[in-house]
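Just below is one structure, and these are the notes that go with it.
We name chains A, B, ... by the order of the sequence lines, and we start the count at 1 in each one.
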Amino acid sequence: VDCETCTDRMIELLYEELDESEANATRAHLEGCEACGDAWDRLSLGHAFGSRLALEEPPTDFRAAVMRAAREKAAERAPAADPDPVERAAPVSAPREDADEAGLWASFVRWVGGSAMRPQFAMAMTLVLMVGIGLWYLPELRRHDPADTHAIVDPAPGDEVGPSASLEPAEPLELRTDPHTGRIVTGDDGEEERPRRVATTEATSAQAPRPEAEAPGATHDDLAVDEAETPTEMAQAEERAAERQGQVIEEPMLDMAEGAEALLAQGESYGSGSYGAEGSARPPSPPPSQARTAPAYAREAQTAPMPSVRQPSVQQQPSPPPTAPQQRQQASTGGAGERYQLGMDHYRGRRYRAAAEEFEAVVRRPGPDRSLVPSALHHLARSLREAGDCRAAVRSYDNLLSQHGSYRGAPDAMIEAADCYRRLGQLSQARRLLERASQNAGVAARAQRELSRLAVAEREHRRASQAGAAAEAAPAEAEAAAADEN
Amino acid sequence: VMEDPDDLSDEELLRRFNEGDADAFERLVRRYERPLYNFILRSVRRRERADELLQDVFMKVVQRSRDFKGNSKLSTWLYTIARNLCIDHSRKMVFRRHKSLDAPSRSGDDEGPTLLERQAAGGPEADRAAIAKDLQARIAEAVEELPEEQREVFLLRQVEGMAFKEIASVVGVPENTVKSRMRYALERLQRALDEYKDYVRELK
């Protein structure tokens with residue numbers, strides 16, 4: 001017996017649970033090992049103290065209550081004094097309560113009243129429930145990109161009964177600069193091809209009556225939004241339009257408006273174009289004479305497919321009609337819910353162009369349940385962003401943030417839009433969005449990280465600007481020095 | 001041949017009760033009320049609460065006597081019920097620690113003379129009875145101050161005389177763990193009551 005074995009056996013030796021041979025071997029070791037002997041002395045002393053623990057006498061009054069209950073129970077279980085033949089044939093052990101409470105239901109009730117109501121059971125069930133919900137929810141989160149911090153609501157399919165005004169502006173727009181005024185005008189012959197805009201100009205300048213091309217539902221504010229060319233004008237016009245629609249305008253609208261102005265300055269058409277190669281197969285754009293108002297838009301959506309989101313080129317080229325497979329695909333697609341789901345499938349499969357088309361269709365034709373629109377718009381923007389088309393993406397983000405300010409994914413959208421602006425070199429826009437997003441507790445940490453990232457880009461931008469200015473100044477100084485020498 | 005009911009096993013008494021014999025149950029009560037009461041009392045430390053819990057244990061046995069399948073000893077089942085009731089009570093009282101009413105605390109410096117002071121104040125013989133009484137209280141206090149997992153093992157072994165294997169079944173841990181807890185409990189008692197070691201050795 002070594003010291004370890006001896007230590008293990010001490011307790012059993014103390015309480016006489018070792019067999020004779022083991023006990024003798026352990027005692028022999030204890031006599032020869034000083035350390036184990038000391039430990040044995042301590043344990044023996046503790047045992048001596050413990051064995052002197054006085055036992056208290058129990059109360060006697062409890063026994064009466066217990067025995068009363070026991071007698072009642074025994075009386076229930078005891079066989080009857082003069083049982084009839086049927087009862088006599090029954091097993092003696094069969095209790096009366098079992099006869100009364102026989103069946104699965106009685107067992108269940110006893111179970112619920114007994115072990116199922118224990119606190120441990122309740123805690124365990126709560127834990128199981130939480131783990132179960134967690135396991136169910138995790139795969140849902142994994143389907144989305146890391147930036148997606150809000151759940152995607154799978155929609156119920158709805159009927160297509162009308163278009164959506166959410167994807168505005170989506171009308172193809174060709175930009176030209178008026179040589180007289182220096183302002184941007186649309187189309188080669190904007191005054192003829194786009195009487196709506198002319199009418200708006202006239203309405204705003206000379207209060208002239210609108211031409212017939214303007215749909216009955218068109219409002220001055222709707223058109224003023226399109227006509228606005230400066231950030232302030234756009235913001236004010238959209239705010240007026242939103243007020244008429246009972247919407248709440250938030251600050252990002254102004255930020256986006258400024259960003260949109262910057263894009264317009266670069267010659268980008270606002271709300272027109274295609275997704276590139278895929279977009280080239282789209283049908284021709286609707287006649288520009290149709291006013292982009294809700295009723296007119298509804299007729300347009302029901303009669304002709306909507307144009308693509310944008311076209312990088314200034315000149316809008318009519319797209320060829322859809323091919324037969326595409327027509328079949330369009331015919332096979334169901335309501336907004338189905339198209340939304342299809343878009344999500346494409347998005348999860350990283351087919352962002354196809355996803356964008358589906359989300360755009362949902363935004364345009366949301367059906368009776370318009371709750372899908374914000375999420376579809378958000379995913380349209382995300383799809384465009386993932387496809388590398390930041391310019392188109394910021395327009396969708398713009399629409400989302402200006403028209404659905406209370407959308408729960410708005411803080412995420414701000415961060416994503418800021419990323420697009422940063423990539424486009426619009427650093428001030430990106431900063432404004434991130435600073436606004438940082439005020440939201442849910443995304444504050446992410447926004448701060450993006451702000452740090454943006455700060456680096458801003459420093460590099462300043463450094464590059466200073467280097468460029470120095471490079472421009474250097475030849476001038478050299479020329480001046482040469483002139484002085486001459 | 002008349003059978004002596006005291007010779008009947010616990011399991012046989014319970015079987016008879018299940019068949020309607022209330023006297024069999026009374027024998028069980030008398031057999032277990034004292035060790036169960038002391039196990040509960042040292043666990044919950046309050047006499048009035050121990051009274052209630054003791055009654056609760058037997059009432060549960062009355063109501064659920066048919067749940068006992070005989071896979072273990074009846075004593076194991078009884079102490080499992082008692083232990084669960086004590087644990088429930090401890091959870092309720094976790095924010096309100098109560099000192100034992102039957103064991104006055106001696107841990108403070110101003111709560112009475114030490115053993116050496118007693119012996120110095122009076123003759124050994126004159127104070128011997130007082131020391132014995134004081135030791136009883138100190139042992140009870142030391143047991144109550146054991147960690148809960150050590151205390152229950154100690155009580156089951158010391159009060160009920162359960163084998164370590166049976167204790168493992170009640171507590172739900174391996175037998176070696178039970179032995180370790182028992183060893184720690186005895187070492188704690190030895191340290192807590194070290195000033196009485198000479199007195200106890202004399203008694204041996």
Checklist entry - Is it the backbone or the side chain of A/Arg71 that comes under 4.5 Å from a heavy atom of chain B, or both, or neither? => result both
Next on the checklist: Give me the atom names and distance for the closest heavy-atom approach of A/Ala70 to B/Phe17.
Outcome noted: O-CE1, 3.3 Å
Checklist entry - Side chain, backbone, both or neither: which part of B/Leu146 has a non-hydrogen atom closer than 4.5 Å to chain A? => result neither
Next on the checklist: What part of B/Ala24 gets within 4.5 angstrom of chain A, counting heavy atoms only: side chain, backbone, both, or neither?
Outcome noted: neither
Item to check | Neighbour count >12 (heavy atoms, 6.0 Å) for atom OH, A/Tyr15 | outcome: yes
Checklist outcome for this item: Value for OH (B/Tyr184) from CD1 (A/Ile11), rounded to nearest 0.5 Å, stands at 10.5 Å
Checklist entry - Of the backbone (N, CA, C, O) and the side chain (C-beta and beyond), which part of B/Leu36 lies under 4.5 Å from a heavy atom of chain A, both, or neither? => result neither
Checklist entry - Tell me, side chain or backbone of B/Asp51 under 4.5 Å from chain A's heavy atoms, or both, or neither? => result both
Next on the checklist: For the CZ atom of A/Phe49 and the CG atom of B/Leu193, what is their distance to the nearest 0.5 Å?
Outcome noted: 5.0 Å
Checklist entry - Taking NZ, NE, NH1 and NH2 as the nitrogens, is one of them in A/Glu56 or B/Arg42 under 4.0 Å from a carboxylate oxygen of the other? => result yes
Next on the checklist: B/Arg191 vs A/Arg42, test: side-chain contact (heavy atoms from CB on, under 4.5 Å). Steps then yes/no.
Outcome noted: CA-CA 9 Å; B/Arg191 287 196 299 271; A/Arg42 288 195 299 274; over 6 Å; no
Item to check | Close side-chain approach of B/Val29 to A/Phe62, heavy-atom, < 4.5 Å | outcome: yes
Checklist entry - Going through the distances and angles, do A/Leu43 and B/Gln190 end up as a side-chain contact (heavy atoms from CB on, under 4.5 Å)? => result CA-CA 7 Å; A/Leu43 278 183; B/Gln190 180 267 322; over 6 Å; no
Checklist entry - Rounded to the nearest 0.5 Å, what separation is found between the CD atom of B/Glu144 and the CG atom of A/Leu53? => result 9.0 Å
Checklist outcome for this item: To the nearest 0.5 Å, atom CD of B/Glu26 lies from atom CE of A/Met67 at 4.5 Å
Checklist outcome for this item: The reported gap from CD in B/Gln136 to CZ in A/Arg52 (rounded to nearest 0.5 angstrom) is 9.0 Å
Next on the checklist: I'd like to verify something: which residue of B/Arg183, B/Arg30, B/Met182 has the highest number of heavy-atom pairs under 4.5 Å with chain A?
Outcome noted: B/Arg183
Item to check | Closest contact, heavy atoms only, B/Val62 versus A/Ala69 | outcome: CG1-O, 3.8 Å
Item to check | Spacing of OG belonging to A/Ser51 relative to CG belonging to B/Leu189, to within rounding of 0.5 Å | outcome: 10.0 Å
Item to check | chain A contact via B/Asp88 - which portion, at a heavy-atom distance below 4.5 Å | outcome: side chain
Checklist entry - Should A/Glu17 and B/Arg157 count as an ion pair when the cut-off is N to O under 4.0 Å? => result yes
Item to check | Non-hydrogen side-chain atoms of B/Gln158 and A/His47 separated by less than 4.5 Å | outcome: yes
Checklist entry - What option among A/Asp8, A/Thr7, A/Leu14, A/Asp61 has the most heavy-atom pairs under 4.5 Å with chain B? => result A/Thr7
Checklist outcome for this item: Smallest heavy-atom separation, B/Tyr37 atom then A/Pro58 atom, equals CD2-CA, 3.5 Å
